[in-house]
**Student:** 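Sharing a structure below in structure tokens format, with a few things to ask.
These numbers come from a predicted model, not from an experiment. Letters A, B, ... are given to chains in the order of the sequence lines, protein chains preceding strands, and every chain is numbered from 1. Keep in mind that the numbers below use all heavy atoms, side chains included, and drop hydrogens, waters and symmetry copies.
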4 protein chains.
Amino acid sequence: MTRAITRIQFASMRRQPQQARSKAMVERIIEAGRAVLMRDGYEGFSTNRVAGEAGISPGSLYQYFPDKAAIVSAVVDRHSDAVAERVAAALADRIGDAGPGMIRATTAALLGALGADVEVLRVVMEELPAARNRDRRTALERRVRELVTAYLAARPGATRSVDHTTTAWVLVMAIEHLTVRYVLDRPDIARDAFLDEVVALCGGYLGIPTLP
Amino acid sequence: MTRAITRIQFASMRRQPQQARSKAMVERIIEAGRAVLMRDGYEGFSTNRVAGEAGISPGSLYQYFPDKAAIVSAVVDRHSDAVAERVAAALADRIGDAGPGMIRATTAALLGALGADVEVLRVVMEELPAARNRDRRTALERRVRELVTAYLAARPGATRSVDHTTTAWVLVMAIEHLTVRYVLDRPDIARDAFLDEVVALCGGYLGIPTLP
Amino acid sequence: MTRAITRIQFASMRRQPQQARSKAMVERIIEAGRAVLMRDGYEGFSTNRVAGEAGISPGSLYQYFPDKAAIVSAVVDRHSDAVAERVAAALADRIGDAGPGMIRATTAALLGALGADVEVLRVVMEELPAARNRDRRTALERRVRELVTAYLAARPGATRSVDHTTTAWVLVMAIEHLTVRYVLDRPDIARDAFLDEVVALCGGYLGIPTLP
Amino acid sequence: MTRAITRIQFASMRRQPQQARSKAMVERIIEAGRAVLMRDGYEGFSTNRVAGEAGISPGSLYQYFPDKAAIVSAVVDRHSDAVAERVAAALADRIGDAGPGMIRATTAALLGALGADVEVLRVVMEELPAARNRDRRTALERRVRELVTAYLAARPGATRSVDHTTTAWVLVMAIEHLTVRYVLDRPDIARDAFLDEVVALCGGYLGIPTLP
DNA sequence: TATGAATGAGATTTCATTCAT
DNA sequence: CATGAATGAAATCTCATTCAT
């Protein structure tokens, strides 16, 4: 039934000899996985459902992913990578800036990145067993923390403390969580006001004047 | 469904002797649930295991709890209540204090409360589908937020902003998350240093001098 | 459907409070396992089929057996135990006899025991991965071998060799295999003639006169 | 189904150059099958694994073999043929010999043939469903049995019995099984001693003097 | 009230086989 | 000839929940 249809549709989409086939399949599975994750949540995420959503046979999943967890990971990775890229880029762009500007820009980038796919963010933050995804999350945190540490070290007067590692840890944790919750909980705070608050929080913490 | 819930509410309001048995049972089940949650994690948490750990029959669970989720909730509630109580008490105690002292004391209370049962905290924060437990978490947050809002409103000069709601939201989110992560991730920061950082962060944000 | 029927039939069979229930279930599963093993062979032996044959739900199997292998083992054990018992008994009974009589009696006992359930013997010998059942088979062989070794040691002149261990090994292997194949392959040899041959083979080997 | 069989028979009869490719393929598949059988055992023997081991696509297998069982058969055949050839040769060579010498030589040949590839022997004897391979085993047995029967018939005084068929059956069964078990179980018996025992067993049975 | 045997749907994963290219 | 992606049935096992006793 679906088999012949799938095959035909598939064939009609194909362009490259074999890379395209695999790639399209992986895409399709990840996209289906994302859909299932958002529709049924993590607890309702089953390989059969993903296969159904992707319009393929359950067995076919296993030619592209070793197991169920790998599919979840792929879905999450796609999201994490996008966030990481945007944030790291923003952070790197502003590495030469003065304090408040960089904080605001970075937070804005994070806000934009996280807000771009709130549905996935919600599943990742609220439904996935964090244990399984700690690595991915801490990877970004560590990356950002190191950048911030380096930034602080490069500006001797930029902070009241000399323990830049600790300062960076506090900053990154606070910004990350505030932004995540802002995106997910949608408190009654305007976007600019939120950014102002973050800048105030971090600026006050670092001892830099934040009033432009 | 509603039957067991009724029973639970009922049990918690009564005092009669023969109800002591039910109460003891609820206790036993919650305690067993806690043990299983810590031993096997959320994914390994099954009603059969809880029944086994409690030394009762699986069927008996359903006379005290409507379903599996209710048992998890009860275990988490027990933990949340303890945390909430300690924090609210600390906050109430210091309601008349000046800024820095209150922040430090409250954070210390939270730190103590969360650190008292790291195992459960870890499961709650890292393994439980947060969607199912959002209510409980936000309940405490709201409670604390309202106290902080009131506190800020009572002290006109205590903050640079007039939007106390927003300020309270930022403060509570930041303190909560920093403390949770401090307890769970055990960064290389001494307890007192951590409290200093939190006080610096919040004090700077509120615009109050934090050097005692 | 089958559920209620099963339950009723079951209830009507029950006598003892709870032992009977378990015991009857184990019986039923083993019996069903035997049937499936004989009907579909080892490769067709599936837990679903066993459950179906037993008229119970697949899940119920797992209250009595930890896994599929355990069910196969139970079926085979039942057969092996019967064989072992009969043979060991015959061997022990004749331990004081002179050579030829004992050989003939023991072989006859083995023949009877193996012939009692040819179907199971065939599956055990020809379909089961021997690796899984080596223990059971070698257990009986060892048991018999030790008895034979002791017997030979007790009769200094009973054999041409002094290495009773080797002699026992040869005897047991030969008798076992000949009997198994006699039962399974049904060669055109009368039962008594077969026993005569075994007695001749072993008697000649041991150097004892076998003509009665 | 019949298609691949035809192809195999066909390939084995032809000599043409372009068929060399097919022949090489059959070789490769059989060799890969042997490797998988020895590496993963019979339960781990899958067509995909064989294809992988052979470095070809799973689909290609089906141009040379009708199904999985045929591949197993081919692997086993290769082994059986080698054993059969060696044993038959030894038996034919000694067809004029006196009793003890022939028994010893034949058993030695069997011992050598079986010992040459213990790994395959073990899989064949202990992992393969014997039902599927009975033909091959009984074919050799029958072949040998007929030779032995003829031998016995040609030497009227060579045995105590006149039923040469029965005698041959007993002899072949005993020798075969003893040798297989000797090779597989590695009992603590020296090779020469083992041969002595077999000669003693058979010689005693046949009523011929075995002391050279 | 308490039991616990029984349920049965459903989950993950494997693999012999096909067939369009 | 050869490919190898795709199939899809089937297998083992788990577990929340029920209900007769």
**Student:** Hey, does the side chain of D:Gln63 come within less than 4.0 Å of F:dC1's phosphate (OP1/OP2), counting only N and O?
**Tutor:** no
**Student:** On DNA chain E, does the nearest nucleotide to A:Ser46 precede the nearest nucleotide to B:Pro58 from the 5' side, or the other way round? Give the residue.
**Tutor:** B:Pro58
**Student:** Which one, E:dT17, E:dT12, F:dT7, comes nearest to the side chain of A:Ser60?
**Tutor:** F:dT7
**Student:** If I take atom CZ in residue C:Arg28 and atom P in nucleotide E:dA5, what distance separates them, rounded to the nearest angstrom?
**Tutor:**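 Atom CZ in C:Arg28 sits about 14 Å away from atom P in E:dA5.
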**Student:** If we only count heavy atoms from C-beta on, is the C:Pro58 to C:Thr47 side-chain gap below 4.5 Å?
**Tutor:**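 The answer is no, as the side chains (C-beta and beyond) never meet within the 4.5 Å cut-off.
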**Student:** Report the distance from atom CZ of B:Phe65 to atom P of F:dT17, rounded to the nearest whole Å.
**Tutor:** 13 Å
**Student:** Tell me the interatomic distance from A:Ile56, atom CD1, to E:dT12, atom P, rounded to whole angstroms.
**Tutor:** 14 Å
**Student:** Using atom CG of D:Leu61 as one end and atom P of F:dA2 as the other, report the distance to the nearest whole Å.
**Tutor:** 11 Å
**Student:** Have a look at B:Thr47 and say if it touches a base, only the backbone sugar-phosphate, or nothing, with a 4.0 Å heavy-atom cut-off.
**Tutor:** base
**Student:** Between E:dC15 atom C1' and D:Asn48 atom CG, what is the distance in whole Å?
**Tutor:**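 D:Asn48 atom CG is separated from E:dC15 atom C1' by 6 Å.
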**Student:** Using the side-chain heavy atoms of C:Lys68, tell me which of these nucleotides is nearest: F:dT12, F:dT17, E:dA11.
**Tutor:** F:dT12
**Student:** Paired with E:dA11 by Watson-Crick or G-U wobble geometry, both distances under 3.5 Å: which nucleotide is it?
**Tutor:** F:dT12
**Student:** Does C:Ile56 reach the side chain of C:Ile29, with side-chain heavy atoms less than 4.5 Å apart?
**Tutor:**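 The answer is yes; the side chains approach within 4.5 Å.
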**Student:** Considering every strand and a 4.0 Å limit on heavy-atom distances, what is the contact class for C:Ser57: base, sugar-phosphate, or nothing?
**Tutor:**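 Base contact - C:Ser57 has a heavy atom under 4.0 Å of at least one base atom.
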**Student:** Starting from the 5' end of DNA chain E, give me the residue, D:Phe45 or B:Gly59, whose nearest nucleotide shows up first.
**Tutor:**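 Comparing both residues, the 5'-ward one is B:Gly59.
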**Student:** With both distances kept under 3.5 Å, what pairs with E:dA20, Watson-Crick or G-U wobble?
**Tutor:**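 Pairing partner, where one exists within any strand: F:dT3.
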**Student:** Using salt bridge (Lys or Arg N to Asp or Glu O under 4.0 Å), reason through A:Arg34 and A:Glu53 one step at a time and then give a plain yes or no.
**Tutor:** CA-CA 10 Å; A:Arg34 208 188 90 107; A:Glu53 180 77 24; over 6 Å; no
**Student:** So, A:Arg49 side chain and A:Gly44 main chain: donor-acceptor pair closer than 3.5 Å or not?
**Tutor:**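 Side chain of A:Arg49 to backbone of A:Gly44, a donor-acceptor pair under 3.5 Å: yes, one is there.
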**Student:** Considering just the side-chain nitrogens and oxygens of D:Tyr64, establish if one lies under 4.0 Å of OP1 or OP2 belonging to F:dA2.
**Tutor:** yes
**Student:** E:dT13 P sits how many Å from A:Ile29 CD1, rounded?
**Tutor:**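 Distance check: A:Ile29 CD1 to E:dT13 P gives 14 Å.
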**Student:** What is the distance, to the nearest angstrom, from the OH atom on A:Tyr42 to the C1' atom on E:dT12?
**Tutor:** 13 Å
**Student:** Side chain of C:Asp67: nearest nucleotide among F:dC13, F:dG8, F:dT17?
**Tutor:** F:dC13
**Student:** Any idea which of E:dT7, E:dT18, F:dT12 is nearest the C:Tyr62 side chain?
**Tutor:** F:dT12
**Student:** With side chains defined as the heavy atoms from C-beta onward, is the minimum distance between D:Glu126 and D:Tyr42 less than 4.5 Å?
**Tutor:** no
**Student:** Rounded to the nearest angstrom, tell me the gap between atom CD in C:Glu43 and atom P in E:dT14.
**Tutor:**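 Taking atom P of E:dT14 as the reference, CD of C:Glu43 is at 19 Å.
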